[in-house]
There are 2 protein chains.
Amino acid sequence: MNPVLVVGSVALDTIETPLEKCENLLGGSATYFSLAARHFTPVRVVGVVGHDFPQIHRDLFHRLRIDTEGLQTAARRTFRWHGRYDQRLSGRETLSVDLEILDLFRPELPDSYGDSKFALLGNTSPATQERVLRQLHRPTFVMLDTMDIWIRTEREPLAALLPKVHALCINQEEALMLADSINLVQAARRLLEAGLKCLIIKRAEHGATMITRDFAFSVPAFPTEQVTDPTGAGDAFAGGFLGYLAKTGVDASNLRRALLYATVMGSLAVESFGPDRIASAALPEIDRRFAEMVRIISL
Amino acid sequence: MNPVLVVGSVALDTIETPLEKCENLLGGSATYFSLAARHFTPVRVVGVVGHDFPQIHRDLFHRLRIDTEGLQTAARRTFRWHGRYDQRLSGRETLSVDLEILDLFRPELPDSYGDSKFALLGNTSPATQERVLRQLHRPTFVMLDTMDIWIRTEREPLAALLPKVHALCINQEEALMLADSINLVQAARRLLEAGLKCLIIKRAEHGATMITRDFAFSVPAFPTEQVTDPTGAGDAFAGGFLGYLAKTGVDASNLRRALLYATVMGSLAVESFGPDRIASAALPEIDRRFAEMVRIISL
């Protein structure tokens, strides 16, 4: 089984929904990714936390056999995010963010991580993503995340990364912005023409779509009635996708199945405040949801 | 082959997009429905037009063998709608609407229509829908459309219709509003508990979902790059669905295939101003798109 590497944030989140408020939850993209991917394959985390990062969270990573050798500790406060969701639990606003610790973060892979064949380059500047990519010896499948701020301010370096990775995993708005289009089919065509091999569009409650040069594949979201907190769903989605792929290997069939497992992990992530639900889920439950997804798309 | 009946509007539309403006196009829900459904089965139209309704449009219906015996002509102006789409061709505003002719419209089915086994009760007041339903002798599959205004102002009569029809075909917002929920899974459960047999959710560019007591089935939208005018897509969707079902008969497999044909007809509808594209499409093209849809959802 191939381990999967993730470079991203490990954070302390304060989250408000119309019903509840929870403070200082374990959060961050690398956290949600790891907790989803570890159901399929070993995980290696590269990130940074502050001196105030609670030992109980380190214990959780340790207990779940998530390798944190690449998790640096800096003499700052851990990255914090405070957000509030709207009535529908879809839109959200950031009330405060403390990302001083990320300013100085220069991801250095431990020597033991250099042989990672599967990796997520989490949402950082393209320069940082490029820097990580150069430290990977011969990766099989590297997935890129990004967001609107990098598309606006670092378009060229970001575009230069597209031919060097194996997939880009973003939402529809970001894909349209990156391709300067109002049509997703056109946007996908342009990004593939720019050298991208695989575009994965996250559509939240509407599912996800994967577009490669050879095929397109679309799945709905897993139908869950218990949406508690959407935080981390996209990162858990990426973790399910890459974790399954690292476990099984890359081919057209596994790519499709990986998209279903991604959807399943995203559905679990939203069912609790913070990452409890994906941390505690067991493989039989994950496989049951996968089987239900297969039924929902079967003609 | 069973004919399919539609009760709905036949209109003259003026449509503006960021690129073009077209005036007095043939429009209306019954029009788009008929032009889509007629690819699969004979169609019977119940509606009303004014003395100003152009002969060329009547000729089109006639040429395509759409039965307009139930299309009344009143001494008023034909129903007119003038709308403008936003940059993304998703949101739209109504600039003007002339629906005086609909005030007096009391749909009366010609005697020859009473044996219709498949029918769409288009978006009118629940009282009007009930009135049409009573004129159908022993329908096999009746589908209901509605919109926010009826959900707000005629909730009780609308709810009373749910157990009497076979499917409700609406968008996600309408389903949430009707079930008073913010979660689609919960909304679907409530509507099925209220006696509905089949809920069909139209998700526009994100596809569609069908939920019955026995199964759920989701499909993406057909990936078209050439979105010109979204008007009528939902009605063409309904026409493809019911037309295919009337042709093949109702079972779980045909319901799923009908949802794919619905999606195909919706995708054709958006590719031209007005209904030209669904009027002129040929069955081989429709079947090619169906085959592509099957590929896109195949694991």
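To find a chain, count down the sequence lines: A is the first, B the second, and so on, and within it residues start at 1.
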inquiry  = Report, in residue-number order, which members of residues 143-151 of chain A are under 4.5 Å from chain B by heavy-atom distance.
reply    = none

query = How about residues 197-211 of chain A versus chain B: which residues have heavy atoms under 4.5 Å apart?
reply = A:Arg203, A:Glu205, A:His206

ask   = Side chain, backbone, both or neither: which part of A:Leu184 has a non-hydrogen atom closer than 4.5 Å to chain B?
value = neither

query = At a heavy-atom separation under 4.5 Å, does A:Phe215 approach chain B through its side chain, its backbone, both, or neither?
reply = neither

Could you tell me which of [options] has the largest number of non-hydrogen atom pairs under 4.5 Å with chain B?
options                              : result
A:Val219, A:Leu259, A:Thr224         : A:Thr224
A:Ile182, A:Leu255, A:Leu299         : A:Leu299
A:Arg88, A:Glu292, A:Gln87, A:Arg256 : A:Arg88
A:Ser218, A:Ser181, A:Ala187         : A:Ser218

message = Students often mix this up, so state it plainly: with edges at 30° and 60°, are the rings of A:Phe40 and A:Tyr244 parallel, tilted or perpendicular?
response = perpendicular

Is [X] in contact with chain A via its backbone, its side chain, both, or neither, using a 4.5 Å heavy-atom distance?
X        : result
B:Val294 : side chain
B:Leu176 : side chain
B:Arg295 : backbone

Electrostatic pair [X]-[Y], nearest N-O below 4.0 angstrom:
X        : Y        : value
B:Arg289 : B:Glu271 : yes
B:Glu193 : B:Arg189 : yes
A:Glu16  : A:Arg92  : no

query = Would you say the side chains of A:Tyr85 and A:Ser90 form a donor-acceptor pair under 3.5 Å?
reply = no

ask   = Using a distance-only test with no angle check, is there a side-chain donor-acceptor pair under 3.5 angstrom linking A:Thr14 and A:Trp81?
value = no

inquiry  = Run B:Val270 and B:Thr228 through side chain to side chain contact (heavy atoms under 4.5 Å, CB included) and show every step you take.
reply    = CA-CA 6 Å; B:Val270 305; B:Thr228 302; over 6 Å; no

task = Tell me, with the steps shown, if B:Thr212 and B:Asp214 meet side chain to side chain donor-acceptor pair (under 3.5 Å).
result = CA-CA 5 Å; B:Thr212 74; B:Asp214 300 322; 4.8 Å; no

[Y] and [X], any side-chain heavy atoms less than 4.5 Å apart:
X        : Y        : answer
B:Asp13  : B:His82  : no
A:Thr140 : A:Asn2   : no
A:Phe237 : A:Cys169 : yes

message = For the backbone of B:Leu196 and the side chain of B:Arg213, can you confirm whether one donor and one acceptor N or O come within less than 3.5 Å of each other?
response = yes

Side-chain donor or acceptor of B:His39 paired with backbone N/O of B:Ile278 under 3.5 Å = yes

inquiry  = What verdict does the side chain to side chain donor-acceptor pair (under 3.5 Å) test give for B:Tyr261 and B:Asn254, after you've listed the backbone C-alpha separation in whole Å, the side-chain angles of each residue and the deciding distance to 0.1 Å?
reply    = CA-CA 10 Å; B:Tyr261 275 108; B:Asn254 286 342; over 6 Å; no

